[in-house]
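As a basis for the values below, the full set of heavy atoms in this structure was taken, side chains included, without hydrogen atoms, waters or symmetry mates.
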Amino acid sequence: MHASLTALSPSTAFFGAGLHDRHTDVNGLPAAAPAVDSSDLLKGQKTVAIFHNGSIYRLQATKLGKLILTK
């Protein structure tokens with residue numbers, strides 16, 4: 001019997017591949033939400049405002065490539 005490893009993309013590795021139920025992972029835990037690339041949100045800007053439940057939040061990219069979300 002042979003075992004082989006297959007390289008997965010980061011999103012496939014994180015969210016799982018070939019799950020039997022799209023609402024749970026292989027351990028029966030709730031599945032993670034789809035990923036959104038930060039560059040799609042920031043669109044070349046350092047900061048973007050996000051309106052959520054009647055409040056405005058600020059998503060900011062730092063010089064070190066981290067994200068900060070503030071209310």
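In this structure, the side chain to side chain donor-acceptor pair (under 3.5 Å) partners of D37, at least two apart in sequence or on a different chain, are S39. Shown here are the side-chain contact (heavy atoms from CB on, under 4.5 Å) partners of L67, two or more places apart in sequence or in another chain: S38, L42, L59, A61. Applying the side-chain contact (heavy atoms from CB on, under 4.5 Å) test to K71 and every residue at least two apart in sequence or in another chain returns S55, Y57.
Once rounded to the nearest 0.5 Å, the distance linking OG1 of T47 with CG of L41 reads 12.5 Å. R58 CZ to L69 CG: the interatomic distance, rounded to the nearest 0.5 Å, is 10.0 Å.
Follow the hydrophobic side-chain contacts under 4.5 Å out from V48 and you never reach I56; the two are in separate clusters.
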